[in-house]
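No experiment lies behind these values; they were computed from the predicted model shown. Excluded from the calculations below are hydrogen atoms, water molecules and symmetry mates; all remaining heavy atoms, backbone and side chain alike, are included.
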Amino acid sequence: MAKDKGPRRPKAETPKGFRDYFGAEVTERKAMLDRIAAVYHRYGFDPLETSAVETVEALGKFLPDVDRPNEGVFAWQEDDADWLALRYDLTAPLARVAAQYRNDLPTPYRRYAMGAVWRNEKPGPGRFRQFYQCDADTVGSGSVAADAEICAMLTDALEEVGIPRGDYVVRVNNRKVLNGVMEVAGVLDPADPSKFEHERGIVMRAIDKIDRLGEMGVRALIGKGRMDESGDYTDGAGLSDAQADVVLGFMSARRDTGAETVARLRELAGGSAIGTEGVDELERIAELLAAQGYGPDRIVIDPSVVRGLGYYTGPVFEAELTFEILDEKGRPRQFGSVAGGGRYDDLVKRFTGQSVPATGVSIGVDRLLAALHAKGRMQTDARGPVVVTVMDRDRMADYQAMATELRQAGIRAEVYLGNPKNFGNQLKYADKRNSPAAVIQGTDEAQRCVVQVKDLFLGAKIAAEASHEEWKNQPAQTEVPRDALVAEVRRILGSV
């Protein structure tokens, strides 16, 4: 008879597509977000926090992967009440807030928000189902000056966190221009915008993937369809070769200068009123940015920028990092996009029935952190706390007093709270914590009113590099008067 093993133990593993963040990662993210928030604050934006859960109805169906049965969100129903879902971005909740509190908020309402979002998508290398975003939006202004301001603020934020000029470019386009091109191509009817809506969705998503798929891949997707390397087939938009030529001509319309690009776009969308309006807006944005000193070294007009989300109605923008990194196979490639956004004048209208203009940008927090790591530009202090070791269990109050004294001096410190029997384990703990120093006081030191302060970083360096004579002449452990504890720890911290 088989022996009953009892209830099955749960697996200690992270769900597929999710990850855990530990001390240094959390600290680095917060430091970066604090610097971005300071830029947003200088521009007059206020912080906003919303619930991670929204009703599915309030979120709407705007994700690019609209062919997925669950629309790409984590959703559930509570009894017979509304369906709820984890937010997939920070913009849809803002639209709900702008509608719900429209009588209390100033107009325009300028806010920034930072937090986790969730997408029920197929996970892969570097692609997670939970990730962080950092948004800034202006709700209630129809002026393209608001779009220009968002672009300028985005460049300031990138430079503030350590991406220098020349290592990034903010690319700007206008969905109205694309709509004009689609009208010319015969896949948009101004009299009936719902006509060809499915085909236009495929075209926009395909264009947004041109960096990954190339011109031939995009042509296949907007034509009969495309089979990827794994053998999966994606239905196309069904455009003819002539129609595809018009769309791809738009994609390659960028010229050496912004003025030349605008002129080429006028040619392509000249037969469309909405397209001409979009070109005029691009021209005005370029003028406003140039007047503030944001030239083509930072911000350019680029027709290849589309943005996949379906709620954009006007200018769209994307921040791309232009420096090279090595991929997993050691091949050089550009880092790519870390932020994007645009104008979404109809999103609040879903709630109120009245058009409320809005524009904003979202920074991919994890991608920007990865970029800063790739360039060696993370400047956060990764040192752990000073560890006050325990030599005598009965003197725990004295050790706690030392830690308190260090904390009151602004120094991160903790008392070792494990089993103090083996002193070597205490130092191993301090090493694992990346502690810069350990404080040691046994009975003899306490009677003489002194403490031993061990410089752990120097000690590790001497052990690895120094000769025996150098080791004797450069002691990593110093005895100081008890009342000089703070000064000695500060000296060590200053030398690291």
Side-chain angles (χ1 to χ4, degrees), residues 138 141-151 170-197 199-201 203-204 206-208 210 218 222 237 239-240 242-291 294 296 299-318 340-347 349 355-359:
T138 298
S141 174
S143 170
V144 293
D147 302 285
E149 180 184 63
I150 291 288
C151 291
V170 174
R171 303 184 294 141
V172 186
N173 192 19
N174 196 311
R175 288 287 273 267
K176 293 178 182 178
V177 181
L178 177 58
N179 286 340
V181 171
M182 288 190 177
E183 183 181 348
V184 173
V187 286
L188 188 148
D189 183 355
D192 183 7
S194 63
K195 192 176 181 181
F196 307 118
E197 186 174 7
E199 290 82 356
R200 287 198 304 278
V203 171
M204 284 190 291
I207 292 174
D208 203 32
I210 192 165
V218 170
I222 65 179
L239 272 63
S240 68
Q243 290 174 309
D245 287 341
V246 174
V247 174
L248 290 168
F250 164 77
M251 294 293 298
S252 59
R254 182 175 170 183
R255 297 295 184 264
D256 292 337
T257 68
E260 291 173 347
T261 302
V262 167
R264 176 57 179 150
L265 290 174
R266 284 195 189 282
E267 293 176 9
L268 290 170
S272 166
I274 189 68
T276 300
E277 181 181 331
V279 175
D280 290 341
E281 290 179 357
L282 281 178
E283 192 170 41
R284 180 59 177 154
I285 288 173
E287 291 172 353
L288 290 168
L289 290 168
Y294 295 89
I299 305 175
V300 299
I301 304 299
D302 188 342
S304 68
V305 179
V306 175
R307 305 296 301 157
L309 290 176
Y311 54 56
Y312 291 124
T313 59
V316 288
F317 19 88
E318 191 164 82
R343 179 163 287 277
Y344 50 97
D345 287 348
D346 294 333
L347 204 55
K349 184 180 180 179
S355 181
V356 179
T359 186

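Residues passing the salt bridge (Lys or Arg N to Asp or Glu O under 4.0 Å) test with Asp346: none are found, sequence neighbours excluded. Every residue two or more places apart in sequence or in another chain that forms a side-chain contact (heavy atoms from CB on, under 4.5 Å) with Asp345 is listed here: Thr313, Arg343, Pro357. In this structure Ser272 satisfies the side-chain hydrogen bond (donor to acceptor under 3.5 Å, both in side chains) test together with Glu183, sequence neighbours excluded. Shown here are the salt bridge (Lys or Arg N to Asp or Glu O under 4.0 Å) partners of Glu287, two or more places apart in sequence or in another chain: Arg284. For Glu283, the salt bridge (Lys or Arg N to Asp or Glu O under 4.0 Å) test picks out Arg266, with sequence neighbours left out. Qualifying side-chain contact (heavy atoms from CB on, under 4.5 Å) partners for Val356, counting only residues two or more places apart in sequence or in other chains: Val139, Val348, Thr352. Shown here are the side-chain hydrogen bond (donor to acceptor under 3.5 Å, both in side chains) partners of Glu277, two or more places apart in sequence or in another chain: Lys176. Judged as a salt bridge (Lys or Arg N to Asp or Glu O under 4.0 Å), and not counting sequence neighbours, Asp189 has no contacts. With sequence neighbours excluded, the residues forming a side-chain hydrogen bond (donor to acceptor under 3.5 Å, both in side chains) with Asn174 are Glu281, listed by chain and number. Phe250 meets the ring-ring contact (aromatic ring centres under 6.0 Å, His included) test with no other residue; sequence neighbours excluded. Remark: Ser252 pairs with no residue by the side-chain contact (heavy atoms from CB on, under 4.5 Å) rule, at least two apart or across chains.
For Ala237 against Ile222, the heavy-atom pair with the smallest separation is CB-O, 3.6 Å. Here the shortest heavy-atom pairing between Thr276 and Ala269 reads OG1-O, 3.8 Å. Among all heavy-atom pairs drawn from Leu268 and Val184, the shortest one is O-CG2, 3.7 Å. Shown here for Leu265 and Ala253, the closest heavy-atom pair between the two residues is CD2-CB, 3.8 Å. In terms of heavy-atom proximity, Val187 sits nearest to Phe196 at O-CB, 3.2 Å. Listed here is the closest heavy atom pair of Val177 and Val279: CG2-N, 3.5 Å.
Atom OG1 of Thr138 sits about 4.5 Å away from atom CD1 of Ile150, to the nearest 0.5 Å. To the nearest 0.5 Å, the span separating CD1 on Ile274 from CE on Met182 amounts to 13.0 Å. Interatomic distance, CZ of Phe317 versus CD1 of Ile285, reported as 7.0 Å (0.5 Å rounding). Atoms CD1 and OG1, on Ile301 and Thr261 in that order, are 7.5 Å from each other to the nearest 0.5 Å. Considering CD of Glu318 and OG of Ser304, their distance stands at 8.0 Å, rounded to 0.5 Å. Here Leu347 contributes atom CG and Ser355 contributes atom OG; the two are 11.0 Å apart, rounded to the nearest 0.5 Å.
Contacts classified as salt bridge (charged side-chain N to carboxylate O under 4.0 Å, His left out) and involving residues 254-265 (residues at least two apart or in different chains) are given here: Arg254-Asp302, Arg264-Glu267.
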Report the C-alpha distance between Val172 and Ile299 in whole Å, list the side-chain angles of each, state the deciding distance to 0.1 Å, and finish with yes or no for side-chain contact (heavy atoms from CB on, under 4.5 Å).
CA-CA 7 Å; Val172 186; Ile299 305 175; 3.6 Å; yes
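A donor-acceptor pair under 3.5 Å is formed between the side chain of Gln243 and the backbone N or O of Ala185.
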